[in-house]
Undergrad: 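Following this message is one structure expressed as structure tokens.
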Amino acid sequence: MANSIEQFMEEIEPYVIEQRRKRHQYPEIGFAEYVTTYELSEQLAGKGFSLFYGTDFLTSEERMGVPCDPMLAENEQRALQKGVPAEFLEKMKGGHTGFAAVLDTGRPGPNFAYRFDIDALPIEEAGCVDHVPAQQEFRSQIAGMMHACGHDGHAAIGLGLANYLSKKKDSLSGKYTILFQPAEEGGRGAKAIVDKGWLDHIDYFMSGHVGIHNLPSGTVAATTSKFLASSKINAKFIGKSAHSGLEPNEGRNALLAAASAALHLHSIANHKDGITRINVGTLHAGAGRNVIADKALMEIETRGETNNLDAYMQENATRILQASAALYDVELELEHMGRSVSTAADHDFAKVVERACASSTSLKIVPHLEVGASEDVTYMIERVREQGGKATFMIFASPLPAGHHHPCFDYEEQALLAGLETIIRTTDYLLKEDGLRA
């Protein structure tokens, strides 16, 4: 099949790049990917896939960090203006975005699943002349929103894979499930998909991420490790407002409590057993310079190389938040907004990927690279393993002009083609191997 794959890759390249750029121009944050969900699903029309949306796709109550109702309503209205039909939007109302595309050949064979995340970040994209999306006029069209982590490219890879499977469906066996996941950022979306059962009884699971390592495009890590467990917490301090000149003694300063907590949170001791991280990402407080601040909202994340290390960070963070609130006599409310767990890819997948891609002239497969960050795909990997399947998470490396989550983030689009080719070749190889075992 080597020649047919090479021919397919040559034919699909313009489409993958076009779809990546289209997605880049219209970024949407987690659980508000209304236009993204609709437009991706439209690309699969007539290709033999059964599509599942809304509560057929994810368990509503297992979603974490869903945006507030006014924000969802604003994005739903924007989706209608962008051309999403009202009857389609109804399937996604209230932040039920993303979908599963299932191709069931009806012939005995392995169950494959693939995950591609689709959400963006609340970041204003750079417009400087050396930023390629600005140069080539596919910069974000939505103020304050940007695909600053490569999920636009992941969605495009998913579409490329769907096109390949559709084209080959008459010669395939088994079942293929492509998961277009909402709300990966903040570890909010995967658990709701896992809970719905999409990762049960899967023989082979593949996913991956563009960038991460600043290496030449065409370099693909077959397996990964060092996923940091992470927890996302909102801390709300509630005090009492008062006139700062007339009666400051009557106030209870939520701003000072939050500021004190922010400083002390970053003093939590590193743990001897591995990597630990904490970050206070935002702090909003106060109403005016002459008013004792009665409210403060802080967004925090913890990370740990293992689940136990993240628990250590959470325990100490909670202690400091409570102590800071008590020090300034204010109330504290904590809300857990997202979570991801620690795991590693199945290392024996490395040999499979290396063998599958041995005939490729464009790929350089390396057996393993470390992630060093958090990813809620870990919930999917763990569920596949619990059920006796094999799972890997790859890295589709690229030179990076700026790091992930930066206003100037970008990557070489050839990295997307490398990722797609690797997934296709590995799927074909596993199908062949499964046939030999049968």
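One-based numbering along the sequence shown. Reckoned from all heavy atoms, side chains included, excluding hydrogens, waters and symmetry mates. Keep in mind that this is a model prediction, so the values were computed, not measured.
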Undergrad: Distance only, no hydrogens: is a donor on one side chain within 3.5 Å (strictly under) of an acceptor on the other, for Gln43 and Tyr15?
TA: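 The criterion, which ignores hydrogens and geometry beyond distance, is satisfied for Tyr15 and Gln43.
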Undergrad: So, Asn279 side chain and Glu301 main chain: donor-acceptor pair closer than 3.5 Å or not?
TA: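 A pair under 3.5 Å: no.
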Undergrad: In the structure I gave you, are the side-chain heavy atoms of Ser217 and Glu413 within less than 4.5 Å of one another anywhere?
TA: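 Of all side-chain heavy-atom pairs linking Glu413 with Ser217, none is under 4.5 Å.
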Undergrad: Which value, rounded to the nearest 0.5 Å, describes the distance between Lys93 atom NZ and Leu72 atom CG?
TA: 9.5 Å
Undergrad: What are the two closest heavy atoms between Leu430 and Met206, and how far apart are they?
TA: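 Looking at all heavy atoms of both residues, the shortest contact is CD1-CE, 4.3 Å.
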Undergrad: Do you know which two heavy atoms are closest between Gly94 and Glu76, and how far apart they sit?
TA: N-OE2, 2.9 Å
Undergrad: Which value, rounded to the nearest 0.5 Å, describes the distance between Ile17 atom CD1 and Leu416 atom CG?
TA: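 Answer for the CD1-CG pair, Ile17 versus Leu416, is 7.5 Å.
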Undergrad: Check the pair Glu39 / Arg23 against salt bridge (charged side-chain N to carboxylate O under 4.0 Å, His left out), numbers first and verdict last.
TA: CA-CA 9 Å; Glu39 292 188 348; Arg23 295 274 56 81; 2.9 Å; yes
Undergrad: Please check this pair: side chain of Ser166 against backbone of Ala162, looking for a donor-acceptor N/O pair closer than 3.5 Å.
TA: no
Undergrad: Which residues satisfy the salt bridge (charged side-chain N to carboxylate O under 4.0 Å, His left out) test with Lys175, sequence neighbours excluded?
TA: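 Here no residue qualifies.
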Undergrad: Locate the shortest heavy-atom distance separating Cys357 from Ile365; write the atom from each residue and the value.
TA: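 That would be CB-CG1, 3.8 Å.
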Undergrad: Do Trp198 and Val102 have side chains that approach each other closer than 4.5 Å (heavy atoms only, starting at C-beta)?
TA: yes
Undergrad: Which pairs would a plain distance check flag for residues 335-344, meaning a side-chain donor or acceptor within less than 3.5 Å of a matching protein atom at least two apart in sequence or in another chain?
TA:
residue : atom : partner : partner atom : Å
Arg339  : NH1  : Ser231  : OG           : 3.2
Arg339  : NH1  : Asp310  : OD2          : 3.0
Ser342  : OG   : Phe227  : O            : 3.0
Ser342  : OG   : Glu305  : O            : 2.9
Thr343  : OG1  : Glu382  : OE2          : 2.5
Thr343  : OG1  : Arg385  : NH1          : 3.0

Undergrad: If I take atom NZ from residue Lys168 and atom CG from residue Leu103, how far apart are they, to the nearest 0.5 angstrom?
TA: 13.5 Å
Undergrad: Can you confirm whether or not the ring centre of Phe99 sits under 6.0 Å from the ring centre of Phe57?
TA: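 So the answer is no for these two rings.
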Undergrad: What distance separates Ile12 CD1 from Glu421 CD, expressed to the nearest 0.5 Å?
TA: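 One gets 13.0 Å once the value is rounded to the nearest 0.5 Å.
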Undergrad: What side-chain hydrogen bond (donor to acceptor under 3.5 Å, both in side chains) pairs are there with at least one residue in residues 391-408, not counting sequence neighbours?
TA: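 Output for this query lists Glu185-His405.
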Undergrad: Do any N or O atoms from the side chain of Tyr429 and from the backbone of Ile424 form a donor-acceptor pair under 3.5 angstrom?
TA: no
Undergrad: Tell me which pairs pass side-chain hydrogen bond (donor to acceptor under 3.5 Å, both in side chains) where either residue lies in residues 121-139, with sequence neighbours left out.
TA: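 Found Arg21-Gln136, His24-Glu125, Glu125-His131.
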Undergrad: For Lys82, enumerate each residue passing the salt bridge (charged side-chain N to carboxylate O under 4.0 Å, His left out) test, keeping only those at least two apart in sequence or located in another chain.
TA: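 Lys82 satisfies salt bridge (charged side-chain N to carboxylate O under 4.0 Å, His left out) with no other residue.
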Undergrad: Any side-chain to backbone donor/acceptor pair from Thr276 onto Gly304? Under 3.5 Å, distance only.
TA: no
Undergrad: Please check if any side-chain donor atom of Ser225 sits under 3.5 Å from a side-chain acceptor atom of His368, or the reverse.
TA: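 Checked: Ser225/His368 side chains pair up, N/O donor to acceptor below 3.5 Å.
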Undergrad: Show, in sequence, the C-alpha distance, side-chain angles and deciding distance for Ile118 and His151, and conclude whether the side-chain contact (heavy atoms from CB on, under 4.5 Å) test is met.
TA: CA-CA 5 Å; Ile118 63 175; His151 299 185; 5.7 Å; no
Undergrad: Check whether Arg188 reaches the backbone of Val66 with its side chain - one donor and one acceptor, N or O, closer than 3.5 Å.
TA: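 No: the side chain of Arg188 does not pair with the backbone of Val66.
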Undergrad: State the OG1-CD1 distance between Thr177 and Ile193, to the nearest 0.5 angstrom.
TA: 12.0 Å
Undergrad: Pair Leu321, Leu334 - check side-chain contact (heavy atoms from CB on, under 4.5 Å), show working.
TA: CA-CA 9 Å; Leu321 290 164; Leu334 298 179; 3.8 Å; yes
Undergrad: With no hydrogens and no angle check, is any side-chain donor or acceptor of Glu375 less than 3.5 Å from a backbone partner on Val377?
TA: yes
Undergrad: For Asn163 and Lys47, what are the C-alpha separation, side-chain angles and deciding distance, and is it a side-chain contact (heavy atoms from CB on, under 4.5 Å)?
TA: CA-CA 8 Å; Asn163 273 271; Lys47 295 189 183 297; 3.2 Å; yes
Undergrad: Does Leu165 reach the side chain of Phe49, with side-chain heavy atoms less than 4.5 Å apart?
TA: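 A side-chain contact exists here, since the closest heavy-atom pair is under 4.5 Å.
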Undergrad: Determine, stepwise, if the pair Glu13 / Gln414 fulfils side-chain contact (heavy atoms from CB on, under 4.5 Å).
TA: CA-CA 9 Å; Glu13 180 173 350; Gln414 284 303 119; 2.8 Å; yes
Undergrad: Do Ser60 and His96 have a side chain donor and acceptor closer than 3.5 Å?
TA: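 Judged by distance alone, the side chains do pair up.
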Undergrad: Check whether any side-chain N or O of Glu386 sits under 3.5 Å from a backbone N or O of Val384 as a donor-acceptor pair, and report yes or no.
TA: no
Undergrad: Can you name the residues that form a salt bridge (charged side-chain N to carboxylate O under 4.0 Å, His left out) with Glu28, not counting sequence neighbours?
TA: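 Per chain and number, Glu28 pairs via salt bridge (charged side-chain N to carboxylate O under 4.0 Å, His left out) with no residue.
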Undergrad: Do we see a donor-acceptor contact under 3.5 Å between the side chains of His201 and Asn111?
TA: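 The criterion, which ignores hydrogens and geometry beyond distance, is not satisfied for Asn111 and His201.
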Undergrad: Mark yes or no for whether Ser140, through its side chain, and Met145, through its backbone, hold a donor-acceptor pair below 3.5 Å.
TA: yes
Undergrad: Evaluate the side-chain proximity of Tyr164 to Ile5: yes if any heavy-atom separation is below 4.5 Å, no if none is.
TA: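 Yes. Closest side-chain heavy atoms under 4.5 Å.
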Undergrad: Indicate whether the side chain of Tyr114 and that of Thr427 have a donor and an acceptor atom separated by less than 3.5 Å.
TA: yes
Undergrad: Flag the pair Tyr38 / Pro85 as yes when at least one side-chain heavy-atom distance between them is below 4.5 Å, and no otherwise.
TA: yes
Undergrad: If I compare all heavy atoms of Ala356 with all of Thr426, which pair ends up nearest, and what's the gap?
TA: CB-CA, 3.7 Å
Undergrad: Do you know which two heavy atoms are closest between Val35 and Ala79, and how far apart they sit?
TA: CG2-CA, 3.7 Å
Undergrad: If you measure from the Lys or Arg side-chain nitrogens to the Asp or Glu carboxylate oxygens, is any gap between Glu18 and Lys22 under 4.0 Å?
TA: no
Undergrad: Tell me, yes or no, whether the heavy-atom count around Asp348 atom CG, taken from other residues, nucleotides or ligands under 6.0 Å, exceeds 12.
TA: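 Yes, enclosed.
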Undergrad: Could you check Glu74 against Arg78 for salt bridge (charged side-chain N to carboxylate O under 4.0 Å, His left out), going step by step and ending with a plain yes or no?
TA: CA-CA 6 Å; Glu74 178 185 334; Arg78 184 188 292 156; 3.7 Å; yes
Undergrad: Using a 4.5 Å cut-off on heavy atoms from C-beta on, say whether the side chain of Leu228 contacts that of Ile275.
TA: yes
Undergrad: Which atoms form the tightest heavy-atom contact between Asp346 and Ala391, and what is the distance?
TA: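 Smallest heavy-atom distance, with atoms named: OD2-N, 2.7 Å.
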Undergrad: Between Asp200 and Arg383, is the closest basic N to carboxylate O distance under 4.0 Å?
TA: yes
Undergrad: Is the shortest side-chain heavy-atom distance between Thr224 and His209 below 4.5 Å?
TA: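 With C-beta onward as the side chain, the pair stays apart.
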Undergrad: When rounded to the nearest 0.5 angstrom, what is the spacing between OG1 in Thr36 and OH in Tyr26?
TA: 8.0 Å
Undergrad: Taking the inter-plane angle between the rings of Tyr411 and Phe409 on a 0 to 90° scale, is it parallel (under 30°), tilted (30 to 60°) or perpendicular (over 60°)?
TA: tilted
Undergrad: Would you confirm whether the ring centroid of Phe112 sits within less than 6.0 angstrom of the ring centroid of Tyr204?
TA: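 For Tyr204 and Phe112, the ring centres are under 6.0 Å apart.
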Undergrad: Please confirm whether the backbone N or O of Glu61 pairs with a side-chain atom of Thr59, one donor and one acceptor, at under 3.5 Å?
TA: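 Pair absent, no side-chain N/O of Thr59 close to backbone of Glu61.
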